[in-house]
Amino acid sequence: KLAVFMEAFEAINRSFKEIFSQLSPEGEAELILENYGDPFEGGLEIRAKPAGKEVRSIESMSGGEKTLTALAFVFGLARYKPAPFYVLDEADMFLDGDNGEKFANLVKEFSKSAQFIVVSFRESMVSSADQLIGVAMQDAGSDIVSVKLGGQ
Amino acid sequence: KLAVFMEAFEAINRSFKEIFSQLSPEGEAELILENYGDPFEGGLEIRAKPAGKEVRSIESMSGGEKTLTALAFVFGLARYKPAPFYVLDEADMFLDGDNGEKFANLVKEFSKSAQFIVVSFRESMVSSADQLIGVAMQDAGSDIVSVKLGGQ
Amino acid sequence: AYIKEITLHNFKSFGKRVVVSLPKGFTAVVGANGSGKSNIIDGICFVLGRRSSKSMRADRLVDLIFNGSNGRPPADFTEVSLIFDNTDSAFPIDSSNVTVSRKVNRAGYCAYRINDRMATRTEIIELLSHAAINPDGYNIIMQGDIVKIVEMNAADRRKIIDEVS
Amino acid sequence: AYIKEITLHNFKSFGKRVVVSLPKGFTAVVGANGSGKSNIIDGICFVLGRRSSKSMRADRLVDLIFNGSNGRPPADFTEVSLIFDNTDSAFPIDSSNVTVSRKVNRAGYCAYRINDRMATRTEIIELLSHAAINPDGYNIIMQGDIVKIVEMNAADRRKIIDEVS
Ligand SMILES: Nc1ncnc2c1ncn2[C@@H]1O[C@H](COP(=O)(O)OP(=O)(O)OP(=O)(O)O)[C@@H](O)[C@H]1O
Ligand SMILES: Nc1ncnc2c1ncn2[C@@H]1O[C@H](COP(=O)(O)OP(=O)(O)OP(=O)(O)O)[C@@H](O)[C@H]1O
Ligand SMILES: [Mg+2]
Ligand SMILES: [Mg+2]
């Protein structure tokens, strides 16, 4: 059980680091076990160091920085144990234009091996999709009003 | 004390309703005291009815609908007891394009009688401002990198 | 085992039977505030067997049933079904599609189905786990929740690794 | 009594003395993620006398002091000051500008000033209340907090009316 956990932890940590530096170039991040001797006795910390800054407590990170760190974790997990589909509801709400684009590229890349259903208002995300589904309130309540192939 | 409270409540409720229907046309909303006989024994509920829908519990409202309702409350208070300045940090994060514009117009209107300092990524908000302040991370940390008069 | 189709019948703001077909790749869902985007996601969580109605933004399960709008009367029941692609045989069922559905009525009666056969919630969870699908998994991030992964306590975060290892 | 100028000296990510001038009307603050936008707002709350460091996203007050970046050493203290316009004589002080500032050092020593005279936090709160300024007022909505007004419990919401009436 311990060996299986550590193998998962190491692999996820590797992916997490890779994806974090893909999203936040020059930044560094890693996952840290509170108790390497007996991981089940402790928790899992995230230590992130945005570009050019000292390591900070998670609490002082900005909304956008927290979002990128969380995305690196979710996609790090996805690399280790892929799910058949991913659903993300306005996960880009705190991201600026550049980071919004990096996130859209990440989704595009992962959507080659898993299905992604993403709610977003951002142009960079919407324009990268393979398909667009439009939802609107009609007389009988919510309805699907349009389905467009992406890129049109 | 009770008379003063009720006078405030009535005035704020009137403004809240007006501003809510300005933001969400055809919708209705109102503030309701849990205990009209002795308001200090009860709380204050918000009942909102988005356009064409039945009255719903606040819990089931969407992110954008909750935001509009909250903004109507904040600006309703502002009408009753104006503060000299207002600071809003990405309050438009859940709003779609149309509602983002309505919010920007509301800020523009209120900024005639009070100072507004608004952090936003939305074009509709940024382009309505009188002045833009650009913040960036430089060698010595954060700095103000540009100040532009709005509308340019 | 991707989701080929979602059918929402009287689910939250969907006041009739609405079918959403999905490709295998990347789909963006767009629409005005309050149009029903997040309700589609609640519908997916509902079928996957999520117990907590609060996590689907409803006080009780019956609040997931369409309760009227524009003069249309409230519905008596709601049913949501997902058609999964099974060409990868992720599910131990010999068919190229697997349909999972869940229904609840105003009396609180709740029923699950797998390919039209009645099933228990335990059977649903067991079936889905073959395809690495978990009703509370980290592959579904609800609106506003993205930063919670970073803000949660260290012990809960470690449990996420426990679950996938 | 609008804010004419904010000076942030070694406050959070501001590693030197930075001055922000503001017009009376509508100012939009823009910049990349992590550039320091919300830190400016934390600076305003700091000067107004907010006690809770957590509400300024810091574990303790000393975490508000610039703690180094790009090879620049951590600072020993931080000071933030606000210059308010007083041409409307909202503050009972006979000057067209009123400067309020707050300083804290690594030893936890904390000092407020009004127009360069030392003052207590109580004096600051009392002075600000003349201009309808409250450190925890509803005129300051922090990032992500907008929906909290709708989600808070009914008793707390009523207390907001108590305060303004
Ligand atoms: N049982 C129900 N019956 C009818 N309508 C409902 C029910 N439950 C929720 N709703 C309605 O669904 C709407 C919310 O939809 P949803 O949260 O999916 O919107 P959204 O498209 O995600 O919007 P946003 O962009 O603001 O997040 C609300 O207007 C709410 O009143
Ligand atoms: N005491 C400190 N010393 C140095 N830097 C600090 C300190 N406290 C916080 N920071 C840094 O400030 C940055 C966060 O700034 P802030 O929250 O203002 O960003 P923002 O512009 O609001 O970004 P976003 O658009 O993502 O919300 C973080 O990178 C954090 O590391
Ligand atoms: Mg939504
Ligand atoms: Mg911010």
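Quick note on labels: first sequence line is chain A, next is B, and so on, each numbered from 1.
- To the nearest 0.5 Å, atoms CG (B/L88) and CD (D/Q143) are separated by 12.5 Å.
- Residues passing the ring pair (Phe, Tyr, Trp, His ring centres under 6.0 Å) test with B/F16, sequence neighbours excluded: none.
- Using a 4.5 Å heavy-atom cut-off against chain B, the contacting residues of residues 12-38 of chain D are D/S13, D/F14, D/G15, D/K16, D/V18, D/V19, D/V20, D/S21, D/L22, D/P23, D/K24, D/G25, D/F26, D/T27, D/A28, D/V29, D/V30, D/G31, D/A32, D/N33, D/G34, D/S35, D/G36, D/K37, D/S38.
- Side-chain atoms of B/D89 and D/I141, non-hydrogen and from C-beta on, never get closer than 4.5 Å to each other.
- Contact tally against chain D (heavy-atom pairs below 4.5 Å) for B/S146, B/S111, B/A114: the top residue is B/S111.
- Contact of B/Q138 with chain D is made through the backbone alone, with heavy-atom distances under 4.5 Å.
- The parts of B/T67 that come within reach of chain D are both its backbone and its side chain, each placing non-hydrogen atoms under 4.5 angstrom from that chain.
- Here the closest heavy-atom approach between residue B/E45 and residue D/R157 is recorded as CA-NH1, 3.7 Å.
- Nearest heavy atom pair, residue D/A1 against residue B/P84, reads O-CB, 3.4 Å.
- Neither the backbone nor the side chain of D/F11 has a heavy atom closer than 4.5 Å to any heavy atom of chain B.
- Taking each heavy atom of D/G144 and B/M93 in turn, the nearest pair found is CA-CE, 3.7 Å.
- Of the atoms belonging to B/I117, heavy atoms from both backbone and side chain fall under 4.5 Å from chain D.
- For the options D/I160, D/V147, D/N153, D/D156, heavy-atom pairs under 4.5 Å to chain B are most numerous at D/V147.
- For chain B, no part of D/L8 is nearby; none of its heavy atoms comes within less than 4.5 Å.
- B/I144 contributes atom CD1, which lies 8.0 Å from atom CD1 of D/I6 (distance to the nearest 0.5 angstrom).
- In terms of non-hydrogen atom pairs under 4.5 Å with chain B, the most contact-rich of D/V164, D/I149, D/I133 is D/V164.
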